[in-house]
Amino acid sequence: MIGFLSILCKSNSLRSHSSKISHLIQNSSSKSIFRSTHLSNPINNSIPSSIQFNFGSPISSASFFLPGFSVKGLAFTNWAEKGDGLSLFSNSSLRCPFKEGAGFLRLRSSAGGSRTFSSESERESINYDVVIVGAGPAGLSAAIRLKQLCREKDVDLSICVVEKGAEVGAHIISGNVFEPRALDELFPLWRQEESPVCVPVSSDKFWLLTKEHAFSLPSPFDNKGNYVISLSQLVRWMGTKAEELGVEIYPGFAASEILYDANHKVVGIGTNDMGISKDGSKRENFQRGVELKGRITLLAEGCRGSLSEKIIRDYNLREKGNAQHQTYALGIKEVWEIDEGKHKPGFVLHTVGWPIDSKTYGGSFLYHMKDRQISIGLVLALNYRNPFLNPYEEFQKLKHHPAIKPILEGGTVLQYGARTLNEGGFQSIPYPVFPGGAIVGCSVGFLNVPKIKGTHTAMKSGMLAAEAVFHTLQEGSSMEAYWDNLKKSWVWEELYRARNYRPAFEYGMIPGLALSALEHYILKGRSPLTLKHGKPDHEATDVASVHSPIHYSKPDGLVSFDVPTSLYRSNTNHEHDQPAHLHLRDPTIPERVNLPKYAGPESRYCPARVYEYVINEQGQQKLQINAQNCLHCKACDIKDPKQNIEWTVPEGGGGPGYSIM
Amino acid sequence: MKIMVAVKRVVDYAVKIRVKPDKSGVETSNVKMSMNPFCEIALEEALRIKEAGLASEVIAVSMGPAQCVDTLRTGLAMGADRAIHVDSPATLYPLSVAKLLKALVDVEKPGLLILGKQAIDDDCNQTGQMVAGLLKWPQGTFASKVVLDKEKQVATVEREVDGGLETLCLDLPAVITTDLRLNQPRYATLPNIMKAKSKVIKKVTSKELNVEIKSDLEVVEVHEPPKRKAGVMVSSVDELIDKLKNEAHVI
């Protein structure tokens, strides 16, 4: 079959219609499914019993098999109807769901499908020197640093930043106690102008909570010189700074695919097609995506970036960097406006203990910003064992603690949100350079777990990448310089010193705390060994039979709330008539495995109630995906036991609308 | 024929709004703003008429503070040819907007003025009707279908009214305000957004247009709607009648 097809391919000029046949062949097993952002839930459609190839010899078979691949659940009927733009070959109308490029079919059976790309695409193509995916702290720092270098050396580089959020800062959420180290390097005079970094830390408290009490412990943090900020506000400020320097920022455009050349080098990204309805057909306002080609592409998508994960798999960047797997935590946060009398700007509080059990790593934070606003949140490591754990409900429980509730009473919630964050630290840093570009920020994973700060290291990584990019483009040196510079920088040194705190908790909370104290007070980072992480987060979930369901109280509407109310406060929205962006690699696994074995954990860990098991007409429980609620936190991509859920990027402009998070 | 489209910058429809603590209005700082959805529909209709060859130019107009320029850029990215920004920091009420629009129409002389039927922040539904009155132009409001006949210089407008659909035939020049079902606005593509950056946005002031802006409305107080009270279960029809008569006073 392949030989046959490859003959056909060579004899015709191939046009790739990238977006229709988008996300390539992805598989981690022999069951591969075509995912396309334009065929909604292809899982729910069944394969037609015969597939016609209209070049004269119809091939009718029950399913289309290729060695190692079985194409399942694709809406072939949709494709067959469409007369436009689907034929892979200009003369024949072979409806062939393969990616092709430069004259030959490339079938990749390794995990993390790739797509090859022919330069004769029907999408508009725009060229830049540097294309950056993600207008967050890392992406913007890289863009700003590049423009600064340009000014120093009196040259110019065209820089384009694409951002899937509707505005710069709309998808930015973080605690955040900010260490200004990288900002001082980026804008040495930032203190002389008005910026969102204006509330210095005034007090630093650390409590161990039990159900009824709060015990004050010596604070393990040293936040002198740091600021309590809203990261969304800081990023917005950085966005205006970047635009002043000439960076082009385009919010509302989601980078959905990587573009490669014939040598499998990354040449840019492609944005989503917009205006596709749920069943995959084009809506009235259908708009083709565009290709943004860059001499260098930087991925700055944040934790568990969808394109970054593909690149890491594709180029084996973890093996290359001798890195372990990444481990994650889920942070759920609210910003409240509280009574004037209770508000102390700069007040920083961290807690451990209740409501989290001793086998789960996590804690809460409460930071006072300005304007009577406070940030309160709970961070739970995603390697928790009990599938009945519901992080959202644990957060609601926390707010009822007798030491926390009085602060919140009388206040109103302004915004709600959630996001996963990296906890792997030093041991999990993959090699961040790939042919054609590099990865920066949390997509690599530079968060300092014991400090619980990742903004400064993300910004610094963006700046180091910018320096490597500048020299690569101007002098022809290699992007490897980014990796070398990282290892020589304070980021590396900081993460190295912090590397054993989190892995120590694999042995339990008490050993963890003991080892942390040892590391912090005695060893001071000079420990001879490097502890390893335990199982990957998705493998850590026990089966439901060894745990019992946790009873959570009903929300009281004053301090705790139900998910729909909280979701409303996240300003999250997606165009409802679009294909669901959450793909199931195997559509049967939720009902076959997740539900019976793990009691459907996705219905609990998702902070937006995207996943619900509802009873259908036959009386069976079926998974319902409310993709419109998605907060883009990526918890499902991380925690699904069989790694069956793949988070892909929806139409640009959708998702949460954070402004003070 | 030129088409003028008036667009308004409002709080984005997906944002959860809240009332300012001093009750003087709705919190608009740090809140996402975008083009009024009905104005998007109006602009889309204008662009379609132009693409059908029945108009030569689409001019987008917006009034308000400096940030209105962002909304106009979106309009230019969707396909408008030119934009005019009437710089006016004060809150503008419909009658002032109507007067400004009349002044602009007198200058630009478009054959058609299309607006959204109402803005989602104040829900006034007055500007279109007022400007038609000031210009003494025919109006087709709540349009769900617009068909232009260039030869006869008329616009056939299907309106969504309470009783159903009403079809009107308007002599041009006319004012049309758009309703939801008219069309689905197009996305502004990345290349168009890039091109729009270089398109011209003309800035004028109300003084240059010889319009005196005086506010005949004053917002005294804004407060949230009362919280919904819990329902009461009644045990019999008699009790229901009793409650309706003596407590709710509706019968």
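This structure is a prediction, so every number in the text was calculated from the model and none was measured. So that the names make sense, note that chain A is the first sequence line, chain B the second, and so on, each numbered from 1.
Separating the CZ atom in A:R123 from the CG atom in B:L190 is a distance of 12.0 Å, to the nearest 0.5 Å. The CD atom of A:E167 sits 8.0 Å away from atom CG of B:D12, with the distance rounded to the nearest 0.5 Å. To the nearest 0.5 Å, atoms CZ (B:R18) and OG1 (A:T412) are separated by 6.0 Å. Note that CZ of A:R288 and OG1 of B:T189 are 13.0 Å apart. Values are rounded to the nearest 0.5 Å. The distance from atom CG of A:N573 to atom NZ of B:K16, rounded to the nearest 0.5 Å, is 15.5 Å. To the nearest 0.5 Å, the span separating CD on B:E40 from CG on A:N285 amounts to 10.0 Å.
Sorted by first and then second residue, the side-chain hydrogen bond (donor to acceptor under 3.5 Å, both in side chains) pairs involving residues 51-61 of chain B (not counting sequence neighbours) are B:E51-B:R186, B:E57-B:R82.
Other residues, nucleotides and ligands place no more than 12 heavy atoms under 6.0 Å from the CD atom of A:E194. Within 6.0 Å of CG in B:L165 there are more than 12 heavy atoms belonging to other residues, nucleotides or ligands. Around atom NZ of B:K199, more than 12 heavy atoms belonging to other residues, nucleotides or ligands sit under 6.0 Å away. Surrounding NZ of B:K20 are more than 12 heavy atoms belonging to other residues, nucleotides or ligands, all under 6.0 Å away.
Nearest heavy-atom pair, B:Y187 versus A:E575, reported as atom, atom and distance to 0.1 Å: OH-CG, 4.1 Å.
Heavy atoms closer than 4.5 Å to chain B are found nowhere in A:Q415, neither backbone nor side chain. Only the backbone of B:P185 comes within contact range of chain A, with heavy atoms under 4.5 Å apart. With a 4.5 angstrom heavy-atom cutoff, A:F253 touches chain B only via side-chain atoms.
Between B:R48 and A:E284 there is a salt bridge, with a side-chain nitrogen of the basic residue lying less than 4.0 Å from a carboxylate oxygen of the acidic one.
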For B:K32 and A:N571, what are the C-alpha separation, side-chain angles and deciding distance, and is it a side chain to side chain contact (heavy atoms under 4.5 Å, CB included)?
CA-CA 10 Å; B:K32 174 159 189 262; A:N571 296 325; over 6 Å; no
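Interface remark: of the candidates B:E44, B:E27, B:K197, B:K197 forms the most heavy-atom pairs closer than 4.5 Å to chain A. Among A:G657, A:G275, A:A170, the residue with the largest count of heavy-atom pairs under 4.5 Å with chain B is A:G275.
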